Number of protein chains: 4
Amino acid sequence: MITVTTGDSRPIFRQIIDAIRVKIAGGELAPGDKLPSVRSLAMQLTVNTNTVAKAYAELTAEGLIESRAGVGVFVSPPRRRLSDEERERRLAEAVDHFVGAVATLGFEPEDIVARLSAVLDDLLVHHR
Amino acid sequence: MITVTTGDSRPIFRQIIDAIRVKIAGGELAPGDKLPSVRSLAMQLTVNTNTVAKAYAELTAEGLIESRAGVGVFVSPPRRRLSDEERERRLAEAVDHFVGAVATLGFEPEDIVARLSAVLDDLLVHHR
Amino acid sequence: MITVTTGDSRPIFRQIIDAIRVKIAGGELAPGDKLPSVRSLAMQLTVNTNTVAKAYAELTAEGLIESRAGVGVFVSPPRRRLSDEERERRLAEAVDHFVGAVATLGFEPEDIVARLSAVLDDLLVHHR
Amino acid sequence: MITVTTGDSRPIFRQIIDAIRVKIAGGELAPGDKLPSVRSLAMQLTVNTNTVAKAYAELTAEGLIESRAGVGVFVSPPRRRLSDEERERRLAEAVDHFVGAVATLGFEPEDIVARLSAVLDDLLVHHR
DNA sequence: GTGGTCTAGACCACG
DNA sequence: GTGGTCTAGACCACT
């Protein structure tokens, strides 16, 4: 089940993208699985169909899902789409953004790392 | 020295905010230190003065810096301007964004955590 | 100057994407060059601004251009974004599609190759 | 043997059209040869019969195949059903699509041409 | 003025 | 019924 929050700083379509990415990474959505249709997800989230379609389009461009016209949207078999440099660049950027966001919140580094580690392990390790 | 890059997905004013936050958290900017004026920083970064002013405004609202009329802008003494709920909310949001961004990059959880841990420790622990 | 044709089987936004890709590959658009604004290109092509924005968004996702909010859209410095496998896969797919489209048109293979070669050389070699 | 793949950007009916075109151009399907019935091909590919029927309809319109009532579908004797203008238009469009798709993949023009040349020669020259 | 997001609604292509 | 494209128009964020 995907949820969107208006309080989140990310736009709706990006919240959808991130949520589905996490489900795929965690194995909750496996290759071949069918995603909810654009219209049904839009209704469930009470957003416009175009907003869901935009999220699905980006996930398709990333090679994570594929849509079969008239049939629906499905999780793709995994493939390495990005170069190592690009993957590295994106990780570095994500780290930079994260550090910039939490640097002055007053949490201990160990607490932050523990928090993140728990979430990541739960998602990715659980999958293996 | 702060730098802004066009390749970054964050808007310029946010890059400035994050960079100053990190400098403060890491001790590179200590309480009482003087920051460059809005105008001079804008000139140095070759961005609009409004952009720098916007960044300084948010940092002021967070209680990280304060401007003394006619004198300049200075790093504030450490204090908690944000409520615990707000701090928690921001951390949770940052974790969500980060996980959504790196979930499908294909890195091992340990590698991601190690990477982040190194950056955080370098910044925050070094400071204490 | 970019043009779109209603007779083309590609949707408008894809025609725009392909045209800009070719201009970038051919060096007609160099890194740092400014592209026409979303609104002005939309007006010139007499299409909706969303259509142009969609094309620009995909080119941004491909790393070919970057947009600076409030300033405009610019050609990015080149970087290798895709893995070798993905580049190879895309070339193979393009070749398959092309061959499927021209196989029974009755042209001689040499003529087809010569035609394509001329276009490619004009674009890519001219650039070096 | 024809195969369809979900990873391909073309709709299924177009994949079928292209595959049969290539087989005819390459001589693997010669004039007079019998094609599988709409139903049997649909069953073999596990696609809707409408999809195969649509592909056969377009191939018939192009004069490449013909159905003899109650007997089956057969490869037509070679003839030019398309006007020179239409053939030229299709070639030009195919070239445009191809160039747009590969322009920014980072391959050398010679490599692209060599690749395409090999496939075309293998198909068409071998046939003569 | 620039790009980004979202909505509403229409029409088409596909299966 | 499914996704894809396009339009029109609004509102927001950024500079």
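Fair warning: this is a prediction, and the values are worked out from it, not measured in the lab. Residue numbering restarts at 1 for every chain, and letters A, B, ... go by the order of the sequence lines. For the numbers below, each heavy atom of this structure counts, side chains included, while hydrogens, waters and symmetry mates do not.
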Novice: Mind checking ring pair (Phe, Tyr, Trp, His ring centres under 6.0 Å) for B/Phe98 and listing every partner two or more places apart, or none if nothing turns up?
Specialist: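 Expected list: A/Phe98.
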
Novice: Which is more 5' along DNA chain F, the nucleotide nearest B/Pro11 or the one nearest C/Arg14? Just name the residue.
Specialist: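 Residue closer to the 5' terminus by nearest nucleotide: C/Arg14.
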
Novice: In whole angstroms, how far is the P atom of E/dA13 from the CG atom of C/Asp8?
Specialist: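 Taking CG of C/Asp8 and P of E/dA13, I get 14 Å after rounding.
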
Novice: With a 4.0 Å cut-off on N to O distance, would you call C/Glu85 and A/Arg80 a salt bridge?
Specialist: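 A salt bridge is absent here (no side-chain N lies under 4.0 Å from a carboxylate O).
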
Novice: My validator wants the stems of DNA chain E: runs of 3 or more consecutive Watson-Crick or G-U pairs, both distances under 3.5 Å, written as range with range.
Specialist: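 DNA chain E forms these stems: E:1-14 with F:1-14.
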
Novice: Rounding to a whole Å, what distance do you find between A/Phe13:CZ and E/dT7:P?
Specialist: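 Answer to the nearest Å: 12 Å.
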
Novice: When only distance counts, do a donor and an acceptor, one from the side chain of C/Arg39 and one from the base of E/dG1, lie under 3.5 Å apart?
Specialist: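 When only heavy-atom distances are counted, C/Arg39 does not reach the base of E/dG1 through any donor-acceptor pair under 3.5 Å.
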
Novice: Does any N or O in the side chain of C/Arg81 come within less than 3.5 Å of the main-chain N or O of C/Glu62, such that one atom is a donor and the other an acceptor?
Specialist: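 Yes, C/Arg81 side chain to C/Glu62 backbone: donor-acceptor pair under 3.5 Å.
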
Novice: Roughly how far apart are D/Leu64 CG and D/Ile24 CD1, rounded to 0.5 Å?
Specialist: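 So the gap between those two atoms works out to 5.0 Å.
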
Novice: Residues two or more places apart in sequence or in another chain: which of them pass side-chain contact (heavy atoms from CB on, under 4.5 Å) with C/Ala61?
Specialist: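 C/Ala61: no side-chain contact (heavy atoms from CB on, under 4.5 Å) contacts found.
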
Novice: About how many Å separate CG of D/Leu45 and CE of D/Met1, when rounded to the nearest 0.5 Å?
Specialist: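 CG of D/Leu45 is found 8.5 Å from CE of D/Met1.
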
Novice: So which heavy atom on B/Asn48 is nearest to which on B/Asn50, and how close?
Specialist: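 B/Asn48 and B/Asn50 have their closest heavy atoms at OD1-N, 2.8 Å.
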
Novice: Which donor-acceptor pairs under 3.5 Å do the side chains of residues 30-42 of chain C make with protein atoms, sequence neighbours left out?
Specialist:
residue, atom, partner, partner atom, Å
C/Asp33, OD2, C/Ala30, N, 2.9
C/Ser37, OG, C/Ser40, N, 3.0
C/Ser37, OG, C/Ser40, OG, 3.1
C/Ser40, OG, C/Ser37, N, 3.2
C/Ser40, OG, C/Ser37, O, 3.1

Novice: To the nearest angstrom, how far is C/Gln15 atom CD from F/dT5 atom P?
Specialist: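 That distance rounds to 12 Å.
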
Novice: Whole angstrom is fine here: how far is it from NZ in A/Lys34 over to C1' in F/dG1?
Specialist: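 Taking atom C1' of F/dG1 as the reference, NZ of A/Lys34 is at 10 Å.
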
Novice: If I take atom CD1 in residue B/Ile16 and atom C1' in nucleotide F/dC14, what distance separates them, rounded to the nearest angstrom?
Specialist: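 So the CD1-C1' distance, B/Ile16 to F/dC14, works out to 12 Å.
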
Novice: Quick check on contacts: within residues 40-60 of chain B, what sits under 4.0 Å from DNA chain F by heavy-atom distance?
Specialist: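 Contacting residues: B/Asn48, B/Thr51, B/Lys54.
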
Novice: Within this structure, what is the CZ-to-C1' distance between C/Arg10 and E/dC12, rounded to whole angstrom?
Specialist: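 My rounded result for the distance is 19 Å.
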
Novice: Please state how far atom CD1 in D/Ile12 lies from atom P in F/dG3, giving the value in whole angstrom units.
Specialist: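 Atom CD1 in D/Ile12 sits about 15 Å away from atom P in F/dG3.
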
Novice: Taking distance alone, no hydrogens or angles, what donor-acceptor pairs closer than 3.5 Å link side-chain atoms of residues 8-17 of chain C to residues at least two apart or in another chain?
Specialist:
residue, atom, partner, partner atom, Å
C/Asp8, OD1, C/Arg10, N, 2.8
C/Asp8, OD1, C/Arg10, NE, 3.1
C/Asp8, OD1, D/His97, NE2, 3.2
C/Asp8, OD2, C/Arg10, NE, 3.4
C/Asp8, OD2, C/Arg10, NH2, 2.8
C/Ser9, OG, D/Glu93, OE2, 2.8
C/Arg10, NE, D/His97, NE2, 3.2
C/Arg10, NH1, C/Asp18, OD2, 2.8
C/Arg14, NH2, C/Glu58, OE2, 2.7
C/Gln15, OE1, C/Thr5, N, 2.8
C/Gln15, NE2, C/Thr5, O, 2.9
C/Gln15, NE2, C/Arg10, O, 3.0

Novice: Could you tell me whether A/Arg68 contacts a base, only the sugar-phosphate backbone, or nothing, with contacts defined as non-hydrogen atoms closer than 4.0 Å?
Specialist: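 If one applies the 4.0 Å heavy-atom cut-off, A/Arg68 turns out to touch nothing in the nucleic acid.
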
Novice: I want to verify a distance call: between F/dG4, E/dC14, F/dT15, whose nearest atom is closest to the C/Val71 side chain?
Specialist: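 Nucleotide nearest to C/Val71's side chain: F/dT15.
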
